[in-house]
There are 2 protein chains.
Amino acid sequence: MAKQRVTRTLVVEAAARHVNTYGFAALTLAPIAAKLGIKIPSLYNHVDGLDALQAALAGYGAQALFLRCQDAAIGRGGADALLAIAEAYRSFIILNPGIYAATLHPQSQPNPELVQANRSLMELLERILIPFELSGADRTHVLRGFRSIVHGFATLEESGAFGLPIDMNVSFQTIMTAYITSINKPRRAVSLL
Amino acid sequence: MAKQRVTRTLVVEAAARHVNTYGFAALTLAPIAAKLGIKIPSLYNHVDGLDALQAALAGYGAQALFLRCQDAAIGRGGADALLAIAEAYRSFIILNPGIYAATLHPQSQPNPELVQANRSLMELLERILIPFELSGADRTHVLRGFRSIVHGFATLEESGAFGLPIDMNVSFQTIMTAYITSINKPRRAVSLL
DNA sequence: ATAAGAAAACTAATGACTTTTGATTTTATA
DNA sequence: TATAAAATCAAAAGTCATTAGTTTTCTTAT
């Protein structure tokens with residue numbers, strides 16, 4: 001059985017696995033090529049250098065994050081949906097710390113795929129917030145708070161900054177619930193019966 | 001007038017300025033030596049290599065962060081103190097993003113100075129939380145939430161992730177106030193009159 | 001089936017940065 | 001003036017991304 005030839009997707013996926021294990025700072029061409037069983041220059045057949053690989057990884061990661069959050073919101077609304085998205089968001093960061101870091105890394109070139117994925121995520125959250133009937137500025141504040149808590153908790157958790165042997169899931173659930181409760185109550189769903 | 005000779009403190013301070021401008025990832029020996037007007041090997045007279053410099057910077061940063069938070073809490077208590085500490089914490093991160101990153105960077109060697117500074121900060125926060133009369137586990141949850149919000153908001157803000165032209169200070173104040181309000185009310189200070 | 005063309009992989013090499021060492025010289029201090 | 005500290009030169013040993021030119025390999029069309 002002949003070995004599968006390398007493709008651009010395989011390169012990005014190999015990079016994704018690598019940064020999740022060794023951190024985003026460890027993203028260099030050598031380990032990616034080795035993982036794929038090819039030499040470094042061959043990577044240039046699929047990706048236009050290291051910067052382009054970082055950019056591709058960022059877009060790939062942001063899209064994956066959005067899709068998981070979107071999936072978590074299916075069949076839920078209001079506070080339920082917010083909590084489910086928060087949990088999906090956090091678990092993505094914990095399971096993919098390197099990819100998530102790539103997502104946040106400043107881009108040397110405009111990155112439409114990354115921008116689009118981030119926009120999609122924001123639109124998803126704004127849609128969930130509709131029943132809360134917030135004013136424009138309040139919506140922004142609430143959104144920033146939501147991202148801050150999820151991002152902050154998950155990155156601190158992942159870095160090992162939370163030393164104590166107290167359950168992380170309980171902490172996150174408690175904090176998130178307290179925050180969501182502080183948002184004005186949504187009107188209940190309209191019954192069609 | 002003869003040039004001041006380099007000392008260990010000057011090295012750490014030069015490194016601090018450098019990472020705040022160019023990011024923690026850009027911490028290498030070359031720019032530090034150049035900034036001090038000496039050659040790279042001369043740095044080894046003051047610091048035992050790059051790892052040791054990173055470690056010194058982390059300790060220096062964590063201590064500075066603790067001192068600013070401690071200072072912010074003087075003359076305040078309860079929710080007031082929490083809000084003031086949060087603002088001091090956030091402004092430290094915004095003004096010193098590189099140093100703060102050094103603080104969070106995993107240490108290759110045990111770093112007693114860093115551990116001590118972090119412990120001091122935790123003890124300060126726990127002391128502020130006393131009047132809230134929280135149980136042991138609840139105290140941990142509240143503390144984790146506090147750090148998550150401040151760290152998350154400030155790092156996202158600093159990375160430019162908050163695009164909209166809505167005032168950051170208002171957002172932070174709003175979020176923090178909502179969170180602090182969600183903690184059980186502290187009993188008011190006992191009057192000695 | 002085979003020849004042509006394209007895509008992928010390779011070898012070789014360059015140039016720029018890294019950190020770190022050892023031995024030596026300069027400089028300040030006691 | 002003697003001693004210790006600081007700064008220096010020189011060099012090693014490594015990693016890094018990237019380019020150019022060449023060979024292999026697959027695919028496609030005749």
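A note on names: the letters A, B, ... follow the listed sequences, proteins ahead of strands, and every chain is numbered from 1. Computed from a prediction, not measured in an experiment: that's the story for all the values here.
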Inset, instruction - Taking only the side-chain nitrogens and oxygens of A:Ser42, find out if one of them lies under 4.0 Å from OP1 or OP2 of C:dA8. - result: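 No, A:Ser42 has no side-chain N/O under 4.0 Å of OP1/OP2 on C:dA8.
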Inset, instruction - Kindly say if A:His46 contacts the phosphate of C:dA9, meaning a side-chain N or O under 4.0 Å from OP1 or OP2. - result: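 Answer yes for this pair, as a side-chain N or O of A:His46 is under 4.0 Å from OP1 or OP2.
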For [X] and [N], give me the distance from atom [atom1] to atom [atom2], rounded to whole Å.
X       : N      : atom1 : atom2 : result
A:Arg5  : D:dT24 : CZ    : P     : 14 Å
A:Leu29 : D:dT19 : CG    : P     : 11 Å
A:Ile40 : C:dC10 : CD1   : C1'   : 13 Å
B:Leu50 : C:dC17 : CG    : C1'   : 13 Å
A:Tyr44 : C:dA8  : OH    : P     : 16 Å
A:Lys35 : C:dA9  : NZ    : C1'   : 20 Å
B:Leu36 : D:dT8  : CG    : P     : 11 Å
B:Ile38 : C:dT27 : CD1   : C1'   : 14 Å

Legend entry - Nearest listed nucleotide, side chain of B:Asn45, among D:dA7, C:dT19, C:dA12: D:dA7
Legend entry - Nucleotide of C:dA9, C:dT20, D:dA17 approaching A:Thr28 most closely (side-chain heavy atoms):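 Looking only at heavy atoms from C-beta outward on A:Thr28, the closest nucleotide is D:dA17.
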Inset, instruction - Decide whether B:Ser120 and B:Gln116 meet the rule of one side-chain donor and one side-chain acceptor closer than 3.5 Å. - result: yes
Legend entry - B:Arg144 to A:Phe162, cation-pi by 6.0 Å centre distance and 45° axis angle: yes
Legend entry - Test item: A:Asp167 side-chain N/O and A:Val170 main-chain N/O as donor-acceptor pair under 3.5 Å: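 Yes; at least one donor-acceptor contact below 3.5 Å.
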Legend entry - Exam field: side chain B:Tyr179 to backbone B:Val142, donor-acceptor pair closer than 3.5 Å: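 Yes: the side chain of B:Tyr179 pairs with the backbone of B:Val142.
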Legend entry - Upstream residue (5' side of DNA chain D) when A:Pro31 and A:Asp48 are each assigned their closest nucleotide: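 The answer here is A:Pro31.
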